[in-house]
Q: 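The structure follows.
Just follow the structure's listing: the first ligand is 1, and inside any ligand the first atom is 1.
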Amino acid sequence: MPDLAGKAAIVTGCASGIGAAAVRRLAADGAQVLGTDIDAAGGQALCDAVGARFMVQDVADEARWEAVVAAAVEAFGRLDILVNNAGTVSSRSIGEVDMAAWSRVIGINLTGTMLGCRAAIAAMQGNPGGAKGSIVNIASTTAIAPLPTDVGYSASKAGVRALSKSIATWCAQQGWAIRCNTVIPGATDTGILSQAEKLTPGLKAAVAATSPMKRLADPAETAAAIAFLASDECPYMTGGEMLVDGGMMSLHPGF
Ligand code: NAD
């Protein structure tokens, strides 16, 4: 189990699903955690339950990022880990998408991730002992096998993969020990899938049936990969990607 004792972390989208599991896991591994979410009640309850701090945050709001990172540094004296997890879907094909839906999903999933990386990297440069830290961005297998029914979500998650690699290489070239990696979850049993299940009863079982493992991921399984990348266990890993998809993408020739 990665040792995160003494490390300070921010996890976005902490009220539910993978973000909630990540807060639980990072805290259990010894990190001090600040969770954020637009869901004030859900985020506060989760963070209270594990002894983490909580702030309301819309990750698409540029100014709020400065406040969140400043609060973490003030509370913990440093920032070692950022998990850019908050995400949403638009559920629109290219034939249905309008500018409002497109801008919303790109704003949260892609621009929000960029804003978080920018603010965290600035803070990580001021860490005691010099520039050091680990950023974990959450993409999706839809970045590799895009959904015809959600053009904005698929494009935003493909963007997260390139964003992570650009940030990783730039930080390394500056001589900073700031790593940036991507976790690529497959179908995971969280709020996003539960919402879709309400519109399409039986969806979860149908998706699970297509998986080589014949089941959805538990969010704690994704959080384990996040904790590993966040830790000092993999200092030479940057610009990398970890699939947590039960083997699903191995069925896609060429990947
Ligand atoms: P979830 O719906 O359970 O959790 C998402 C959380 O993000 C919620 O708590 C929500 O309130 C929060 N959020 C939404 N918009 C926000 C905003 N603008 N600012 C701050 N918080 C916001 O879903 P999840 O599956 O846990 O999703 C977490 C991440 O995992 C997302 O980036 C998602 O795209 C990704 N992902 C999920 C799956 C899956 O099958 N569940 C697969 C691949 C990738």
Side-chain angles (χ1 to χ4, degrees), residues 10-25 34-47 54-65 67-68 82-91 101 103-116 119 136-147 150 152-161 163-164 182-198 200 203-204 206-208 210-211 213 215-223 225-226 241-246 248-249:
I10 295 172
V11 178
T12 68
C14 73
S16 173
I18 293 168
V23 171
R24 285 196 196 95
R25 176 63 193 256
L34 170 64
T36 78
D37 206 292
I38 46 169
D39 175 357
Q44 187 75 61
L46 183 281
C47 289
F54 175 71
M55 283 177 75
V56 174
Q57 180 191 25
D58 178 346
V59 295
D61 179 343
E62 182 178 9
R64 190 63 176 158
W65 265 112
V68 164
L82 169 66
V83 183
N84 276 310
N85 164 78
T88 192
V89 295
S90 65
S91 305
S103 299
R104 182 175 168 277
V105 73
I106 296 290
I108 294 170
N109 294 2
L110 182 55
T111 309
T113 300
M114 180 278 293
L115 292 172
V136 184
N137 293 327
I138 310 303
S140 161
T141 49
T142 63
I144 300 163
L147 292 172
D150 202 330
Y153 184 76
S154 305
S156 72
K157 293 300 186 177
V160 167
R161 295 180 73 194
L163 177 82
S164 299
T182 305
V183 168
I184 304 181
T188 311
D189 198 358
T190 69
I192 282 180
L193 267 193
S194 296
Q195 275 179 322
E197 169 97 10
K198 280 182 198 155
T200 314
L203 179 77
K204 283 189 185 185
V207 171
T210 65
S211 163
M213 288 192 179
R215 67 174 178 87
L216 304 175
D218 184 298
E221 295 174 303
T222 314
I226 294 170
E241 299 180 328
M242 285 183 78
L243 273 169
V244 187
D245 73 337
M248 190 69 156
M249 287 303 103

Q: Under 4.0 Å from any heavy atom of Q57, which atoms of ligand 1 are there?
A: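 Those atoms are 19 (N), 20 (C).
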Q: Under the criterion side-chain contact (heavy atoms from CB on, under 4.5 Å), I'd like the reasoning laid out for D245 against I184: C-alpha separation, chi angles, the key distance, then a yes or no.
A: CA-CA 7 Å; D245 73 337; I184 304 181; over 6 Å; no
Q: Within the 4.0 Å heavy-atom shell around A187, which atoms of ligand 1 are there?
A: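 Those atoms are 40 (O).
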Q: Can you tell me if A139 has a non-hydrogen atom under 4.0 Å from ligand 1?
A: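 Contact check A139 vs ligand 1: positive.
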Q: Any chance you could lay out the side-chain contact (heavy atoms from CB on, under 4.5 Å) test for S164 and V160, step after step, and finish with the verdict?
A: CA-CA 6 Å; S164 299; V160 167; 4.2 Å; yes
Q: What's the shortest distance from atom 26 (O) of ligand 1 to any protein heavy atom, and which residue and atom give it?
A: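 Protein heavy atom at minimum distance: I18 N, 2.8 Å.
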Q: Could you pull out the closest heavy-atom pair between G116 and N84, with the gap in Å?
A: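 Result for this residue pair: CA-OD1, 4.0 Å.
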Q: Can you list the ligand 1 atoms lying under 4.0 Å from a non-hydrogen atom of Y153?
A: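 By the 4.0 Å cutoff, the relevant atoms are 33 (C), 34 (O), 35 (C), 36 (N), 43 (C), 44 (C).
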Q: Among all the protein's non-hydrogen atoms, which is closest to atom 27 (O) of ligand 1, and how far away is it?
A: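 Atom 27 (O) of ligand 1 sits closest to the protein heavy atom I192 CD1, 3.8 Å.
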Q: Considering heavy atoms of the protein only, find what lies nearest to atom 3 (O) of ligand 1 and give residue, atom and distance to 0.1 Å.
A: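 Here the nearest protein heavy atom works out to S16 OG, 2.5 Å.
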Q: Are the side chain of D189 and the backbone N or O of D218 linked by a donor-acceptor pair below 3.5 Å?
A: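 Such a contact is absent between D189 side chain and D218 backbone.
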Q: Just heavy atoms, cut-off under 4.0 Å: does I108 contact ligand 1 by side chain, backbone, both, or neither?
A: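 Answer for I108: side chain.
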Q: For atom 6 (C) of ligand 1, what's the nearest protein heavy atom and its distance?
A: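 The closest one turns out to be G13 O, 3.8 Å.
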Q: Q195 near ligand 1, heavy-atom distance under 4.0 Å?
A: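 No heavy atom of Q195 comes that close to ligand 1.
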Q: Please list the nearest protein heavy atom to atom 40 (O) of ligand 1 with its residue and the distance rounded to 0.1 Å.
A: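 Nearest protein contact, heavy atoms only, for atom 40 (O) of ligand 1 is T188 N, 2.8 Å.
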Q: Mind checking the CD1-OG1 spacing from I108 to T88? Nearest 0.5 Å is all I need.
A: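 Between I108 CD1 and T88 OG1, I get 5.0 Å after rounding to 0.5 Å.
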Q: Who gets closest to atom 31 (C) of ligand 1 by heavy atom: I138, D61, N85?
A: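 Looking at heavy atoms only, N85 sits closest to atom 31 (C) of ligand 1.
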Q: Report the nearest protein non-hydrogen atom to atom 38 (C) of ligand 1: residue, atom name, distance rounded to 0.1 Å.
A: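 Residue, atom and distance for the closest contact: G186 O, 3.9 Å.
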Q: Who's the nearest protein heavy-atom neighbour of atom 25 (O) of ligand 1, and how far?
A: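 For atom 25 (O) of ligand 1, the nearest protein heavy atom is T190 OG1, 2.5 Å.
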Q: Do me a favour and list the nearest non-hydrogen protein atom to atom 19 (N) of ligand 1 with residue, atom name and distance?
A: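 Nearest neighbour among protein heavy atoms for atom 19 (N) of ligand 1, to 0.1 Å: V59 N, 3.1 Å.
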Q: For G191, counting its heavy atoms only, list the atoms of ligand 1 lying under 4.0 Å from any of them.
A: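 Reading through ligand 1 atom by atom, the close ones are 1 (P), 2 (O), 3 (O).
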Q: With distance as the sole test, does D37 use its side chain to make a donor-acceptor pair with the main-chain N or O of A15 at under 3.5 Å?
A: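 A pair under 3.5 Å: yes.
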Q: Looking only at distances, please establish whether an N/O atom of ligand 1 is found under 3.5 Å from an N/O atom of G19.
A: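 No - when backbone and side-chain N and O of G19 are compared with those of ligand 1, no distance drops under 3.5 Å.
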Q: For ligand 1, which atoms, with element, lie under 4.0 Å from some heavy atom of D58?
A: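 Those atoms are 17 (C), 18 (N), 19 (N).
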Q: Give a yes/no verdict on whether any heavy atom in T88 is under 4.0 Å from an atom of ligand 1.
A: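 Distance cut 4.0 Å: T88 fails for ligand 1.
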Q: Please report the interatomic distance CD1(I10) to CE(M55), rounded to the nearest 0.5 Å.
A: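 If I round to the nearest 0.5 Å, the distance is 8.5 Å.
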Q: Any idea which heavy atoms bring I192 and G87 closest together, and the distance?
A: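 Taking every non-hydrogen atom into account, CD1-O, 4.3 Å.
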Q: Under 4.0 Å from a heavy atom of A86: which atoms of ligand 1 are those, numbered in the order shown and with their elements?
A: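 Those atoms are 7 (O), 20 (C), 21 (N), 22 (C), 32 (O).
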Q: Which of the atoms in ligand 1, numbered in the order shown and given with their element, are less than 4.0 Å from a heavy-atom of G17?
A: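 In order of numbering, the contacting atoms are 3 (O), 26 (O).
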Q: List the atom of A40, the atom of V56, and the distance in Å for their closest heavy-atom pair.
A: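 Nearest heavy atoms, A40 then V56: CB-CG2, 3.6 Å.
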Q: Among the heavy atoms of G42, does any lie under 4.0 Å from an atom of ligand 1?
A: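 In this structure, G42 fails to qualify as a contact of ligand 1 - no heavy atom is under 4.0 Å.
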Q: With atoms numbered from 1 as shown, which atoms in ligand 1 lie under 4.0 angstrom from a non-hydrogen atom of K157?
A: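 Near K157, the atoms of ligand 1 are 31 (C), 32 (O), 33 (C), 34 (O).
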Q: For W65 and T12, run side-chain contact (heavy atoms from CB on, under 4.5 Å): C-alpha distance rounded to whole Å, both residues' side-chain angles, the deciding distance at 0.1 Å, then the answer.
A: CA-CA 11 Å; W65 265 112; T12 68; 3.5 Å; yes
Q: Within the side chain of T188, is there an N or O that forms a donor-acceptor pair under 3.5 Å with the backbone of T190?
A: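 Side chain of T188 to backbone of T190: no pair is present.
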Q: Any atom of ligand 1 sitting under 4.0 Å from a heavy atom of D37?
A: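 Yes.
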Q: May I ask which of A20, G35, G87 has a heavy atom nearer to atom 14 (C) of ligand 1 than the others do?
A: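 Among A20, G35, G87, the closest heavy atom to atom 14 (C) of ligand 1 comes from G87.
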Q: Let me see the working for I138 and I226 under side-chain contact (heavy atoms from CB on, under 4.5 Å), right down to the final yes or no.
A: CA-CA 9 Å; I138 310 303; I226 294 170; 3.7 Å; yes
Q: Between K157 and T141, do the side chains contain a donor N or O and an acceptor N or O under 3.5 Å apart?
A: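 No - no donor-acceptor pair under 3.5 Å links their side chains.
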Q: Side-chain donor-acceptor pair under 3.5 Å between T182 and N137, yes or no?
A: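 T182 vs N137: no donor-acceptor pair found between side chains.
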Q: Measuring only between side-chain heavy atoms, which start at C-beta, is I18 closer than 4.5 Å to P185?
A: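 Yes, their side chains come closer than 4.5 Å.
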